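Values in this document were obtained by computation on a predicted structure and should not be read as measured data. Computation of the quantities below employed the complete heavy-atom set of this structure, encompassing side-chain atoms and omitting hydrogens, waters and symmetry-equivalent molecules. Protein chains get the first letters and strands the later ones, always in sequence-line order, with residue 1 at the start of each.
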Amino acid sequence: EIVMTQSPVTLSVSPGERATLSCRASQRVFSSLAWYQQKLGQAPRLLIYGASTRATGIPARFSGSGSGTEFTLTISSLQSEDFAVYSCQQYDNWPYTFGQGTKLEI
Amino acid sequence: QVQLQESGPGLVKPSETLSLTCTVSGGSISGYYWTWIRQPPGKGLEWIGNIYYRGTTNYSPSLETRVTMSVDTSKNQFSLKLSSVTAADTAVYYCARRGLSGTYFIDWGQGALVTVSS
């Protein structure tokens with residue numbers, strides 16, 4: 001099973017600033033990497049798939065990069081609605097696994 | 001974008017079987033893979049398994065001895081059964097639709113909290 005490790009666990013950023021979140025896979029997953037946003041009490045929302053492709057309706061301030069084992073989610077100019085938990089997920093290898101999440105807080 | 005809604009008992013006794021149904025609206029269940037994912041309180045997401053609209057399944061190895069998924073295309077529903085539950089199975093259970101180009105999850109239900117307790 002591929003283990004996904006996210007860092008940091010918590011990231012404190014001010015509105016308007018840039019946030020950079022990291023995700024590392026224990027084995028190569030090529031570009032089979034997705035990012036999700038989850039707000040308290042809500043279901044996850046797909047942001048990025050294929051490591052860098054924004055899902056439908058996702059603002060351009062969200063961008064993904066990386067391949068192999070190292071991935072990054074960047075949120076430029078944070079808005080108040082962006083403060084949430086972000087999780088990465090690999091889908092190159094079954095079983096499909098998620099990271100434990102990074103909490104983005106003000 | 002389709003809408004998904006989980007339904008089923010919110011409380012299950014230890015050693016019994018957890019049963020949930022996901023109803024898909026705003027689109028057909030045909031042509032897609034459908035998924036169950038769970039999230040224990042305060043923890044990360046765990047993929048349980050996928051089912052194709054024709055009934056083909058694949059399950060997480062950690063759960064496969066206890067999991068059964070089924071699909072009813074006439075009702076636009078798919079279901080999850082998890083047997084011999086323990087307190088460790090307490091979680092919010094989500095149903096979701098898989099993406100067309102890979103096993104990422106595009107559309108999600110709101111989630112159903114299932115508590116295992118006597």
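For the side-chain contact (heavy atoms from CB on, under 4.5 Å) test with B:T103, the passing option among A:Y91, A:Y49, A:W94 is A:Y91; the others fail.
Inter-residue side-chain proximity for A:L33 and B:Y104 is flagged as unmet; no heavy-atom pair is nearer than 4.5 Å.
With a 4.5 Å cut-off on non-hydrogen atoms, B:D107 does not touch chain A at all. With a threshold of 4.5 angstrom between heavy atoms, A:A34 approaches chain B through side-chain atoms but not through N, CA, C or O. Within the 4.5 angstrom heavy-atom criterion, only side-chain atoms of A:Q38, from C-beta onward, approach chain B. At a 4.5 Å heavy-atom cutoff, B:Q1 makes no contact with chain A through either its backbone or its side chain. Residue A:Q89 touches chain B through its side chain alone, counting heavy-atom pairs closer than 4.5 Å. Heavy atoms closer than 4.5 Å to chain A are found nowhere in B:L113, neither backbone nor side chain.
For the options B:G109, B:G49, B:P61, heavy-atom pairs under 4.5 Å to chain A are most numerous at B:P61. Heavy-atom pairs under 4.5 Å with chain A peak, among B:I37, B:N58, B:N50, at B:N58. Contacts with chain B were tallied for A:G57, A:G41, A:P44; A:P44 has the most, counting heavy-atom pairs under 4.5 Å.
Heavy atoms from other residues, nucleotides or ligands lying under 6.0 Å from NZ of A:K39 number more than 12. Residue A:R24 places its CZ atom among 12 or fewer non-hydrogen atoms of other residues, nucleotides or ligands, all under 6.0 Å distant.
Put simply, A:I2 and B:L45 are part of two different groups of oily side chains (I, L, V, M, F, W, Y) that touch within less than 4.5 Å, one to the next. Linking Ile, Leu, Val, Met, Phe, Trp and Tyr residues whenever their side-chain heavy atoms come within less than 4.5 Å places A:M4 and A:L11 in a single cluster. Connection of B:W34 to B:L20 is established within a shared hydrophobic cluster, with ILVMFWY side chains joined at heavy-atom distances below 4.5 Å, either directly or through further cluster members. A:L46 and A:I48 fall into different hydrophobic clusters, where Ile, Leu, Val, Met, Phe, Trp and Tyr are joined by side-chain heavy atoms under 4.5 Å apart, directly or via other members. B:Y94 is not connected to B:V24 by any chain of hydrophobic side-chain contacts under 4.5 Å among Ile, Leu, Val, Met, Phe, Trp and Tyr, and they are in different clusters.
Aromatic ring pairs are classed by plane angle as parallel below 30°, tilted from 30° to 60° and perpendicular above 60°; the pair A:Y36 and B:F105 is parallel.
When all heavy atoms of A:Q100 and B:G44 are compared, the pair lying nearest together is OE1-CA, 3.5 Å.
In this structure, OH on A:Y96 lies 15.0 Å from CD on B:E46, to the nearest 0.5 angstrom.
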